[in-house]
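Only one structure is covered here, and it is reproduced in the block below.
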Amino acid sequence: MDSPKTTRTEKLPYGIASVGLGETERQVPVDEPPPLAPNAALNVIGKPVARQDGRAKVTGATRFTVDVHLPDMLHARILRSPLPHARIRSVDFSAALRRPGVRAAMIVARPEDPVTATVRYVGAPVAAIAADSISAAEEALRLIRVDYQTLPFVVDMDRAREPNAPQIYDAASAPEGSPSGYPARRGLPLAGNVRGPAMDTLGDVAQGFAQADVLVESEYRTRVQTHCCLEPHAIVANWRAEDLTVYMSTQFTAGVRHELAQAFGLPLSRVRVIVDAMGGGFGSKSSLGNYGRIAVELSRKAKAPVRLVLTRAEEQMDSGNRPATWQRLRLGARHDGTLTAISLLSYGTAGVTLGAGVGNFAQALYRCPNFESAQYDVFTNAGPGCAMRAPGNTPGAWGMEQAIDELAERLSIDPLLLRDRNDPSAVRREERRIGAERIGWLRRRPPGADPGPVKRGLGMAQSIWGTNVQLNSSCEVRVLRDGSVEVLSSVQDIGTGISTVLAQVVAEVLGLRPDSIKVRIGDTEFPSGPPSYGSRTTASITPPARTAAWSVLQKLLREAAVPLKAAPTELIAQDGLIMVRDQPARSMHFAEVTALLRTDQISAQASRSDDYSGFRRHMGDAAIAHQDLGGVQFAEVAVDTETGRIHVERVVAVQDCGRPINPRQIESQVHGGVLMGLSYALLEERVLDQVTGRMVNPNLEQYKLAGPCEIPNIEVVLLENYQGNSATDAYGIAEPSNIATAAAIANAVYNAIGVRLHATPMTPAAVLAALGRISPRGEQA
Ligand code: MOS
């Protein structure tokens with residue numbers, strides 16, 4: 001007996017639209033819709049549809065987590081360590097508990113518990129209070145008596161590497177693996193504060209360098225960047241006898257639900273996580289976090305809802321950050337530019353945690369037969385790093401893409417031609433071509449060519465990112481008797497507009513307008529959706545949305561077949577009608593068909609299937625497709641050699657993300673990626689005081705972010721790059737759009753002034769020091 005057939009053969013669009021489209025043959029699961037035509041042939045997908053939540057956002061109607069107010073809700077505040085390294089001998093609550101309005105208290109750093117009794121950074125949670133008001137909670141914090149035994153500390157990565165540096169962990173207490181970021185490997189040796197190396201090798205590097213005609217060796221540094229989400233970390237926890245409901249600004253409702261169930265010993269069915277809207281996350285809101293546990297625990301103790309919103313100082317000190325790195329890159333190449341060897345050594349610090357490597361960027365971007373990398377994590381007494389927009393790759397690109405430009409100069413080869421020679425990606429080749437034309441690359445002159453004090457330059461850099469997919473991603477589509485349509489999934493909108501994207505996908509299938517589709521997301525009462533991280537949301541949830549909409553449409557077509565006197569297979573949904581194909585006269589309005597339903601609603605649920613071409617790699621719930629995402633950015637800068645100020649005048653970002661679903665939203669996201677990269681390149685730096693271990697700029701005043709004066713003219717060019725991989729063939733853009741910017745600006749700065757800056761941020765003082773006009777400490781030279 002034959003086994004039931006589970007797939008059918010289909011031809012799907014394939015290739016880069018601006019180069020020329022072809023087709024690819026794939027095995028498609030039988031319960032998935034027919035291939036989706038290229039965007040040019042579609043009505044809603046690929047169109048710059050306005051955001052569904054735009055009006056609510058600009059009028060203030062949107063409910064963010066900080067706007068959730070429950071009856072009898074309490075307010076929590078956290079007592080944080082003022083010391084960078086200390087053992088907690090005792091915590092005395094008695095006075096705090098006597099203060100009127102205090103309803104619950106808890107110790108986070110418990111003296112009797114060897115794991116939590118030591119605080120290792122300024123800002124580490126020690127205790128927490130829930131009270132009737134924020135001010136009552138804050139006053140109560142001041143009444144808590146903590147007996148600290150101070151311990152020696154080190155906040156500087158280079159000093160932490162020295163043999164006699166104060167030790168942050170012993171082998172037994174050091175964290176293992178990495179919650180996020182790179183390298184995530186377990187079981188690496190720890191010597192002092194230095195853990196590693198995580199090694200990668202390919203071919204024979206010594207032989208590769210021996211074959212090289214030229215050699216470039218250079219060191220690069222990146223400083224800690226904090227996420228600075230517009231909306232702070234926030235939670236309202238409501239523990240009741242029957243269940244736990246948590247409103248939280250989170251990138252992963254379904255994941256936080258699992259974390260809560262495990263942490264508090266509850267069945268999943270009794271845990272609900274809700275987020276209506278978010279003001280960004282960038283990796284820092286991926287999990288429950290210490291503040292989340294604290295709010296839930298306080299709610300349990302107080303038997304009342306508890307609201308906890310981090311202050312900007314808490315955000316800066318203890319909500320994660322992009323780790324600092326030091327990198328040494330050596331590149332070997334033949335006279336014609338062909339790479340023969342790449343070697344990378346890196347040390348990075350994520351403070352008290354791991355994940356401060358620079359990823360596989362240097363290995364993955366170019367074809368080179370001989371490669372070796374050794375990456376080390378260094379523990380310091382500083383707040384924990386965590387994933388931040390293209391973890392590893394953004395600092396990795398800062399080093400590698402500047403080193404490639406150094407190699408181009410040494411070889412007297414145009415940086416674009418050197419990349420043409422070594423970069424195997426067809427999509428980046430096309431992106432280089434388009435971007436060079438847009439920015440006017442032919443205007444580019446030798447470094448430092450401008451005679452006056454303000455010198456202009458052009459530079460570019462590239463990115464690579466995986467086509468990530470969350471397999472555990474589900475979506476339901478309901479059609480109601482009155483013709484209205486609902487899309488339901490726990491997937492959350494981090495702020496980039498996935499609800500509008502889902503409406504577009506479902507509207508395309510049902511022949512309706514996207515604004516008529518009601519999208520209900522951000523609630524674990526609905527089918528489990530993917531996280532909003534790893535640039536995987538669109539790739540994960542749009543295929544099941546299309547499949548579910550298509551399944552429910554088949555039911556509807558069967559209803560319509562009787563009155564339209566046609567076979568269901570002859571019917572299509574278009575322009576708000578169900579009609580016989582090519583016979584618009586034989587049609588019914590969508591709502592006329594739904595009025596015939598026997599039940600109040602029909603519905604279908606679908607989950608993410610494997611990419612049609614399979615996967616290159618699986619990682620738990622997630623997988624990476626065979627193809628990678630590209631992205632090439634060009635920058636034009638003006639550097640004032642008298643003040644040291646770098647002004648980025650223009651950025652051209654040429655990006656791909658498979659099939660673009662909403663070009664307007666994608667452009668907006670690319671703008672964000674570029675701005676974050678520009679800010680990283682020029683301004684952002686967490687400054688820790690070596691004497692006290694404190695962050696001296698835990699705010700948005702001395703911690704500089706790009707503002708209106710720094711914003712360049714940003715031009716976004718989107719490529720359609722069809723891969724024939726899923727029911728929508730769409731991928732994410734969040735992280736790719738951030739990777740190349742800082743390096744592109746640095747390469748443009750070199751082209752302007754003929755001096756290379758190796759460290760972020762490229763402040764006016766750093767520029768003047770590089771030009772020899774002041775000493776590195778800031779005095780006049
Ligand atoms: Mo991102 S760093 O995967 O939110």
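Keep in mind that this is a model prediction, so the values were computed, not measured. In listed order, ligands and their atoms are each counted from 1.
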Please give the N or O to N or O pairs under 3.5 Å between ligand 1 and the protein, distances rounded to 0.1 Å.
{"unit_1": "ligand 1", "atom_1": "3 (O)", "unit_2": "Gly534", "atom_2": "N", "d": "2.6"}
{"unit_1": "ligand 1", "atom_1": "3 (O)", "unit_2": "Glu735", "atom_2": "OE2", "d": "3.0"}
{"unit_1": "ligand 1", "atom_1": "4 (O)", "unit_2": "Gln251", "atom_2": "NE2", "d": "2.8"}
{"unit_1": "ligand 1", "atom_1": "4 (O)", "unit_2": "Gly283", "atom_2": "N", "d": "2.9"}

Sequence neighbours excluded, which residues qualify as salt bridge (charged side-chain N to carboxylate O under 4.0 Å, His left out) partners of Arg312?
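Not a single residue meets the salt bridge (charged side-chain N to carboxylate O under 4.0 Å, His left out) criterion with Arg312.
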Residues which pass salt bridge (charged side-chain N to carboxylate O under 4.0 Å, His left out) with Asp610, listed by chain and number, not counting sequence neighbours:
none
Could you check whether the rings of Tyr291 and His233 sit parallel, tilted or perpendicular, using 30° and 60° as the cut-offs?
perpendicular
Hydrogens and angles aside, do Thr325 and Thr222 bring a side-chain donor and acceptor to less than 3.5 Å of each other?
yes
Would you tell me whether Asn725 and Tyr731 have side-chain atoms, one donor and one acceptor, within less than 3.5 Å of each other?
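A pair is found: one side chain offers a donor N or O, the other an acceptor, under 3.5 Å apart.
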I'd like to check the side-chain contact (heavy atoms from CB on, under 4.5 Å) partners of Ile711; sequence neighbours left out, ordered by chain and number.
Leu675
